*Asks:* 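Got a structure for you, written out below as structure tokens; questions coming shortly.
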Amino acid sequence: IYVILFLFSGFLNAQLSPEITSWIQTPGQNGYSGIAANVQQVNYTSTDVYVTCTCIPGYDIGPWAGNPNVPANQNFCFKITRNPQKNTGTLVSTPLGHIAVWTNGVSAFNASDAMSYNNQNVWFRNAFYFEGTSFDDCLGHPQQNGEYHTHVNPDCLYDDQASTVHSPIIGYAFDGYPIYGAYAYADTDGTGGIKRMRSSYQTRNITTRTTLPDGSTATSAGPVVSLQYFLGDFLQDYEYVPGLGDLDEHNGRFAVTPEYPTGTYAYYVTIDSNQNPVYPYIIGPTYYGVVPTGNTGPQSGHNTVPGNATQYNPVSGIDEATAEKAFQIYPNPSNGTFFIRTENIQE
């Protein structure tokens, strides 16, 4: 039996959700030092998506002033849950190391540079201010193990000056919720035009660093606010003010988006009107959702793709199932018209 269908190729993706289809796959493209670029493979089950990547983007990166590290293939496999849930218990802090993955397979880190004032683990340094001179033009840099990452808005990944359209999904946090660029619908129901999402954090009104944002006394004092240590240099210089901006303490909100017309919780990168990063940059000090194991902590990001997973092929938009099919689709990919050939059916 031969069946001719006149359909848009997007029909084949109708049942595939954004956590499967949002990743950038460019087979054969190499990036820094000839390393395979962007996401190498996307596999999925009914519960999870497995993103295999090198942590090297397809765009040019470097140099990194004063940073002796060089990017290296990380051979990551991140697991993104397809059923993210709000955390109704103890909130999970965004840890050191990767806290999310961009759609090109590059790691996103939190706002800290892992150092604290006088190594007392009280006043933690803001990576944007203490390491910003080593960021390249794409606002990223490699750490000691060669993991290329950004602490702030990945401005080479999308057009962060396109202020009249809703920004695309540019990553997924490890609690399974999407991360969007800086611009979204003004109102959470998808109306009101487009606006830049504003952080609800501000620098505290302090001149000495003796108390923490919750009002408690710090176990050790930080440096006096001065021309050497500006307000904002340390994460504890910021406080969350409900309703100050558009976003909550996690740097997200529940809203309608182009990819989720019935609404979803989502994070948004925050920048000012001149595209300068604004704290907390990507995700706040804590995640909104439940964070499954496997992606965070030492030696993380090396999940195993289960044998029952299906590989997503973005070139054709057709899944590559491992089981033998009873039909053929050609040509593949198609320009909109394609043929389906099925096996003969015995009456």
Side-chain angles (χ1 to χ4, degrees), residues 22-41 51-78 94-115 125-162 167-174 179 181-182 233 269-272 274-283 295 298-302:
S22 297
W23 307 98
I24 299 172
Q25 297 188 64
T26 53
Q29 181 180 0
N30 293 331
Y32 181 84
S33 194
I35 301 171
N38 298 322
V39 171
Q40 300 303 296
Q41 196 173 99
V51 181
T52 303
C53 51
T54 62
C55 207
I56 300 295
Y59 45 75
D60 291 337
I61 55 176
W64 305 280
N67 183 345
N69 305 314
V70 294
N73 185 349
Q74 299 298 303
N75 291 307
F76 281 141
C77 181
F78 293 117
T94 50
L96 297 176
H98 35 252
I99 63 171
V101 57
W102 300 123
T103 52
N104 60 357
V106 169
S107 296
F109 279 29
N110 70 12
S112 175
D113 75 348
M115 302 290 288
R125 304 196 320 184
N126 186 331
F128 179 56
Y129 292 111
F130 280 90
E131 297 183 342
T133 56
S134 73
F135 293 175
D136 59 24
D137 288 344
C138 295
L139 301 183
H141 64 175
Q143 67 169 13
Q144 291 90 335
N145 68 351
E147 183 175 356
Y148 182 77
H149 62 279
T150 70
H151 295 268
V152 298
N153 175 46
D155 66 353
C156 290
L157 181 58
Y158 76 110
D159 185 357
D160 64 0
Q161 298 186 49
S167 292
I169 293 174
I170 58 173
Y172 274 85
F174 289 149
I179 305 172
D233 279 359
V269 295
T270 39
I271 59 177
D272 66 17
N274 295 313
Q275 288 77 50
N276 296 311
V278 173
Y279 182 88
Y281 311 120
I282 303 169
I283 303 174
N295 287 334
Q299 310 303 316
S300 60
H302 298 284

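Predicted model, so just to flag it, every value in this text is computed and none were measured.
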*Asks:* Quick one: pull up CZ in Phe128 and OG1 in Thr133 and give me the separation to the nearest 0.5 Å.
*Replies:* 11.0 Å
*Asks:* Would you say Tyr148 and Asn69 are linked by a side-chain donor-acceptor pair, where the criterion is simply a distance under 3.5 Å?
*Replies:*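 Asn69 vs Tyr148: no donor-acceptor pair found between side chains.
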*Asks:* Tyr172: which residues meet the ring-ring contact (aromatic ring centres under 6.0 Å, His included) condition with it, sequence neighbours left out?
*Replies:*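 Residues passing ring-ring contact (aromatic ring centres under 6.0 Å, His included) with Tyr172: Trp23.
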*Asks:* List the atom pairs, donor and acceptor, that lie under 3.5 Å between side-chain atoms in residues 52-63 and the rest of the protein, sequence neighbours left out.
*Replies:*
residue	atom	partner	partner atom	Å
Thr54	OG1	Ala36	O	2.7
Thr54	OG1	Ile56	N	3.1
Tyr59	OH	Asn104	ND2	3.4

*Asks:* Taking all heavy atoms of Phe109 and all of His98, pick out the closest pair and write down the distance.
*Replies:*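 Residues Phe109 and His98, closest heavy atoms: CE1-N, 3.5 Å.
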*Asks:* Hey, are the side chains of Pro154 and Ile170 touching, using non-hydrogen atoms and a 4.5 Å cut-off?
*Replies:* yes
*Asks:* Between Phe76 and Ser107, what is the shortest heavy-atom contact and its length?
*Replies:*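 Scanning both residues completely, I find the closest heavy atoms to be CE1-OG, 3.8 Å.
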*Asks:* Taking all non-hydrogen atoms of both residues into account, name the closest pair between Thr150 and Val152 and its distance.
*Replies:* OG1-O, 3.2 Å
*Asks:* So which heavy atom on Pro71 is nearest to which on Ile35, and how close?
*Replies:* O-CD1, 4.3 Å
*Asks:* If you compare all heavy atoms of Val39 against all heavy atoms of Gly105, which two are closest, and at what distance to 0.1 Å?
*Replies:*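 In terms of heavy atoms, the two residues are closest at CG2-N, 3.7 Å.
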*Asks:* Hey, is the main chain of Asn110 close enough, under 3.5 Å, to the side chain of His151 for a donor-acceptor pair?
*Replies:*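 Pair found, side chain donor or acceptor close to backbone of Asn110.
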*Asks:* Identify, with sequence neighbours excluded, every residue that meets side-chain contact (heavy atoms from CB on, under 4.5 Å) alongside Ala37.
*Replies:* Gln29
*Asks:* Among residues at least two apart in sequence or on other chains, which ones pass ring-ring contact (aromatic ring centres under 6.0 Å, His included) with Tyr32?
*Replies:* Trp64
*Asks:* Return the minimal non-hydrogen interatomic distance between Ser167 and Tyr158, and the atom names on each side.
*Replies:*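 Taking Ser167 first and Tyr158 second, the nearest heavy atoms are OG-CE1, 3.9 Å.
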*Asks:* Rounded at 0.5 Å granularity, tell me how far CD in Gln275 sits from CG in Asp160.
*Replies:*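 Rounded to the nearest 0.5 Å, the CD-CG separation comes out at 5.0 Å.
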*Asks:* Distance check, rounded to the nearest 0.5 Å: Leu139 atom CG versus Asn276 atom CG?
*Replies:* 9.5 Å
*Asks:* Given Ile282, which of Thr270, Asn153, Ile179 fulfils the side-chain contact (heavy atoms from CB on, under 4.5 Å) condition?
*Replies:*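 The residue from Thr270, Asn153, Ile179 that satisfies side-chain contact (heavy atoms from CB on, under 4.5 Å) with Ile282 turns out to be Ile179.
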*Asks:* Can a donor-acceptor pair be found, under 3.5 Å and without considering hydrogens, that links the side chain of Gln74 to the backbone of Ala72?
*Replies:* yes
*Asks:* Taking side-chain contact (heavy atoms from CB on, under 4.5 Å) as the test, write out the residues that go with Ser134, two or more places apart.
*Replies:* Asn67, Glu131, His141
*Asks:* Determine the sole option in Leu96, Asn126, Thr94 for which the side-chain contact (heavy atoms from CB on, under 4.5 Å) test with Ser112 is passed.
*Replies:* Leu96
*Asks:* Between Ser300 and Asn295, is there a donor-acceptor pair closer than 3.5 Å when you use the side chain of the first and the backbone of the second?
*Replies:* yes
*Asks:* In terms of the angle between their ring planes, are Tyr279 and Tyr281 parallel, tilted or perpendicular, with boundaries placed at 30° and 60°?
*Replies:*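 Rings of Tyr279 and Tyr281: perpendicular, as their planes differ by over 60°.
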*Asks:* With Asp155, which residues qualify under salt bridge (charged side-chain N to carboxylate O under 4.0 Å, His left out), at least two apart?
*Replies:* none
*Asks:* Would one find more than 12 heavy atoms of other residues, nucleotides or ligands at under 6.0 Å from atom CG of Asp137?
*Replies:* no
